Peer 1: 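Have a look at this one.
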Amino acid sequence: MKVLSGIQPSGQLHIGNYFGMMQPMIRNMERSELYVFIVNLHAMTSVHNKQRLADGTLEAAADFMALGLDPDRCIFWVQGDVPEVTELTWVLSTIAPLGLMERCHSYKDKVSKGIMPSLGLFSYPVLMAADILLYQANVVPVGKDQKQHLEVARDIAIKFNHTFGETFVVPEPAIEEKVATVPGVDGQKMSKSYGNTISIFLDEKELKKRVMSITTDATPVEDPKNPDTCNLFQIFKLFAPEDRLAEVHSLYVDGGAAYGYIKQELVGYIWDYFQGARERRDQLVRDPAYLKEILAKGAEKAREKAVVTLDMVRDRAGLKY
Ligand code: ADP
Ligand code: TRP
């Protein structure tokens, strides 16, 4: 089974990215043929700064490897290093129904957050469909926000197969319900573009500041509170050991949960949780040549797969004459 997912190098990776996508992918290393890539072409829809995109790409690679992705047990590359994906994007865009594209929420959401409305931003889901279909992925682990994009990829695959004959695997999303949407410090979905993230690799002081800024209500300590609607509890849940989680849950329900105290405790858990990864990351970022070598090897392997699919697409569509 082929499992594939990508991440944008458009800012510091955060705990929503980790629990929504990176951790499920790393766990998949054990049992699947795994494809992981850094989507620098997608990031161009919001980053128009050479240094930021280039540095962000290597940092995302270091982050993923520090968190446990082993490039010897998967194919790990940078999207733009396999140019076949852009040709497939064009072919798919000629069959992607405009109405389907117009129904995508993420374009409107991003524009409302101040991202420039470009043609690339509008057709972002077609490039994403090409990413998935080019490698004939069966399963795509993502957070809930990407569900609609997966539906678009499926619709396009079905339409292509119907129009030109069986060519693409129709992919399935894999969304872990428990962590489908990690809330940000303001209670909205945690997202780089909302400025509400807790980044994975902050220094201790910054981490403390971010955790302390998690918004909570003004219910007095002694009063009962609903853990399910409290974004602090939703984040706490991801890191606390089970027995402690049960205790804090009871404090919410029965009264006695002190937000400030829980936040302090959470800082400690997050810090410890990523301690090993932090040390590995420090080493990796000091060796960009090594990272580039890993990514170049990954791109070579990915490309071998990509050309096979693209050749078939060209044939079916009549681009070979
Ligand atoms: P962002 O919204 O911060 O820009 P990306 O769009 O780069 O994040 O998302 C990368 C991956 O992380 C995707 O699979 C996405 O679904 C997942 N993800 C992002 N934010 C969250 C979140 N708050 N909770 C769960 N998963 C998330
Ligand atoms: N759109 C995804 C996001 O913002 C990133 C992405 C691009 C992706 N191509 C993909 C995810 C292919 C899964 C499969 O998070």
Side-chain angles (χ1 to χ4, degrees), residues 2-26 28 34-47 56-57 59-60 63-64 67 75 77-80 82 85-86 88-89 92 104-107 109-110 113 115 120-121 123-154 156-157 169 171-200 231 234-235 237-238 302 306:
K2 290 186 183 176
V3 176
L4 167 147
S5 198
I7 194 153
Q8 293 195 64
S10 54
Q12 291 182 340
L13 299 185
H14 54 76
I15 61 175
N17 297 140
Y18 179 69
F19 287 104
M21 183 278 217
M22 300 168 93
Q23 188 191 53
M25 285 300 279
I26 290 163
N28 262 304
L34 196 68
Y35 293 72
V36 190
F37 52 115
I38 298 165
V39 297
N40 57 345
L41 299 175
H42 276 110
M44 280 201 73
T45 57
S46 63
V47 181
T57 301
E59 278 166 26
D63 287 355
F64 233 126
L67 289 163
I75 302 186
W77 79 102
V78 176
Q79 180 191 37
V82 179
V85 76
T86 53
L88 182 60
T89 301
L92 299 182
C104 288
H105 315 299
S106 81
Y107 176 78
D109 290 351
K110 287 180 177 176
K113 300 284 175 214
I115 295 180
L121 188 66
S123 59
Y124 180 112
V126 185
L127 176 57
M128 179 159 162
D131 279 336
I132 299 168
L133 304 184
L134 188 58
Y135 302 100
Q136 306 282 19
N138 306 94
V139 177
V140 184
V142 281
K144 203 171 165 190
D145 59 318
Q146 296 298 315
K147 191 164 180 245
Q148 191 180 38
H149 287 161
L150 256 297
E151 279 157 16
V152 170
R154 287 172 57 85
I156 293 178
V169 169
E172 297 284 342
I175 298 170
E176 288 198 15
E177 271 317 311
K178 226 172 54 200
V179 294
T181 308
V182 176
V185 295
D186 58 357
Q188 288 191 79
K189 175 197 119 90
M190 184 176 290
S191 172
K192 278 166 258 165
S193 37
Y194 301 166
N196 64 355
T197 62
I198 300 174
S199 301
I200 301 170
N231 51 322
Q234 294 311 306
I235 300 174
K237 195 165 88 170
L238 298 167

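As the structure lists them, so they are numbered: ligands from 1, and atoms in each ligand from 1. Just so it is clear, the values below take in all heavy atoms, side chains as well, and ignore hydrogens, waters and symmetry mates. Here the structure is a predicted model, which is why all the values come from computation and not from measurement.
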Peer 1: When rounded to the nearest 0.5 angstrom, what is the spacing between OG in Ser199 and OH in Tyr18?
Peer 2: 15.0 Å

Peer 1: Could you walk me through whether Val152 and Met128 satisfy the side-chain contact (heavy atoms from CB on, under 4.5 Å) test, starting with their C-alpha distance in whole Å, then the side-chain angles of each, then the deciding distance to 0.1 Å, before giving a yes or no?
Peer 2: CA-CA 9 Å; Val152 170; Met128 179 159 162; over 6 Å; no

Peer 1: Please say whether more than 12 non-hydrogen atoms of neighbouring residues, nucleotides or ligands are located less than 6.0 Å from NZ in Lys144.
Peer 2: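 Atom NZ in Lys144 is not crowded, with 12 or fewer foreign heavy atoms closer than 6.0 Å.
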
Peer 1: Got a sec, which residues hit ring pair (Phe, Tyr, Trp, His ring centres under 6.0 Å) with His149, two or more places apart in sequence or on another chain?
Peer 2: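 Only Tyr124 meet the ring pair (Phe, Tyr, Trp, His ring centres under 6.0 Å) criterion with His149.
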
Peer 1: Residues two or more places apart in sequence or in another chain: which of them pass side chain to side chain donor-acceptor pair (under 3.5 Å) with Glu151?
Peer 2: none

Peer 1: With a 4.0 Å cut-off, would you call Glu172 and Arg154 a salt bridge?
Peer 2: yes

Peer 1: Please lay out, stage by stage, how Leu133 and Leu92 fare under the test side-chain contact (heavy atoms from CB on, under 4.5 Å).
Peer 2: CA-CA 10 Å; Leu133 304 184; Leu92 299 182; 4.1 Å; yes

Peer 1: Could you go through ligand 1 and list every pair where one of its N or O atoms sits under 3.5 Å from a protein N or O, giving the atom names and the distance to one decimal?
Peer 2:
{"from": "ligand 1", "atom 1": "2 (O)", "to": "Lys189", "atom 2": "NZ", "distance (Å)": "3.2"}
{"from": "ligand 1", "atom 1": "2 (O)", "to": "Ser191", "atom 2": "OG", "distance (Å)": "2.8"}
{"from": "ligand 1", "atom 1": "3 (O)", "to": "His14", "atom 2": "NE2", "distance (Å)": "2.6"}
{"from": "ligand 1", "atom 1": "3 (O)", "to": "Lys192", "atom 2": "N", "distance (Å)": "2.7"}
{"from": "ligand 1", "atom 1": "7 (O)", "to": "Lys192", "atom 2": "NZ", "distance (Å)": "2.9"}
{"from": "ligand 1", "atom 1": "8 (O)", "to": "Asn17", "atom 2": "ND2", "distance (Å)": "3.2"}
{"from": "ligand 1", "atom 1": "9 (O)", "to": "Asn17", "atom 2": "ND2", "distance (Å)": "3.4"}
{"from": "ligand 1", "atom 1": "12 (O)", "to": "Asn17", "atom 2": "ND2", "distance (Å)": "3.1"}
{"from": "ligand 1", "atom 1": "14 (O)", "to": "Gly143", "atom 2": "N", "distance (Å)": "3.3"}
{"from": "ligand 1", "atom 1": "16 (O)", "to": "Gly143", "atom 2": "N", "distance (Å)": "2.7"}
{"from": "ligand 1", "atom 1": "16 (O)", "to": "Asp145", "atom 2": "OD1", "distance (Å)": "2.5"}
{"from": "ligand 1", "atom 1": "20 (N)", "to": "Lys189", "atom 2": "NZ", "distance (Å)": "2.9"}
{"from": "ligand 1", "atom 1": "20 (N)", "to": "Met190", "atom 2": "O", "distance (Å)": "3.3"}
{"from": "ligand 1", "atom 1": "23 (N)", "to": "Val182", "atom 2": "O", "distance (Å)": "2.8"}
{"from": "ligand 1", "atom 1": "23 (N)", "to": "Met190", "atom 2": "N", "distance (Å)": "3.4"}
{"from": "ligand 1", "atom 1": "23 (N)", "to": "Met190", "atom 2": "O", "distance (Å)": "2.9"}
{"from": "ligand 1", "atom 1": "24 (N)", "to": "Val182", "atom 2": "N", "distance (Å)": "2.8"}
{"from": "ligand 1", "atom 1": "26 (N)", "to": "Gly16", "atom 2": "O", "distance (Å)": "3.2"}

Peer 1: Determine, stepwise, if the pair His42 / Asp131 fulfils side-chain contact (heavy atoms from CB on, under 4.5 Å).
Peer 2: CA-CA 10 Å; His42 276 110; Asp131 279 336; 3.1 Å; yes

Peer 1: When you look at Leu4 and Ile132, which way does the side-chain contact (heavy atoms from CB on, under 4.5 Å) test go after all the steps?
Peer 2: CA-CA 7 Å; Leu4 167 147; Ile132 299 168; 3.8 Å; yes

Peer 1: With the criterion set at N/O pairs under 3.5 Å, what does the list of contacts between the protein and ligand 2 look like, atom names and distances included?
Peer 2:
{"from": "ligand 2", "atom 1": "1 (N)", "to": "Tyr124", "atom 2": "OH", "distance (Å)": "2.7"}
{"from": "ligand 2", "atom 1": "1 (N)", "to": "Gln146", "atom 2": "OE1", "distance (Å)": "3.0"}
{"from": "ligand 2", "atom 1": "4 (O)", "to": "Gln8", "atom 2": "NE2", "distance (Å)": "3.3"}
{"from": "ligand 2", "atom 1": "4 (O)", "to": "Tyr124", "atom 2": "OH", "distance (Å)": "2.8"}
{"from": "ligand 2", "atom 1": "4 (O)", "to": "Gln146", "atom 2": "NE2", "distance (Å)": "3.3"}
{"from": "ligand 2", "atom 1": "9 (N)", "to": "Asp131", "atom 2": "OD2", "distance (Å)": "2.6"}
{"from": "ligand 2", "atom 1": "15 (O)", "to": "Gln146", "atom 2": "NE2", "distance (Å)": "3.4"}

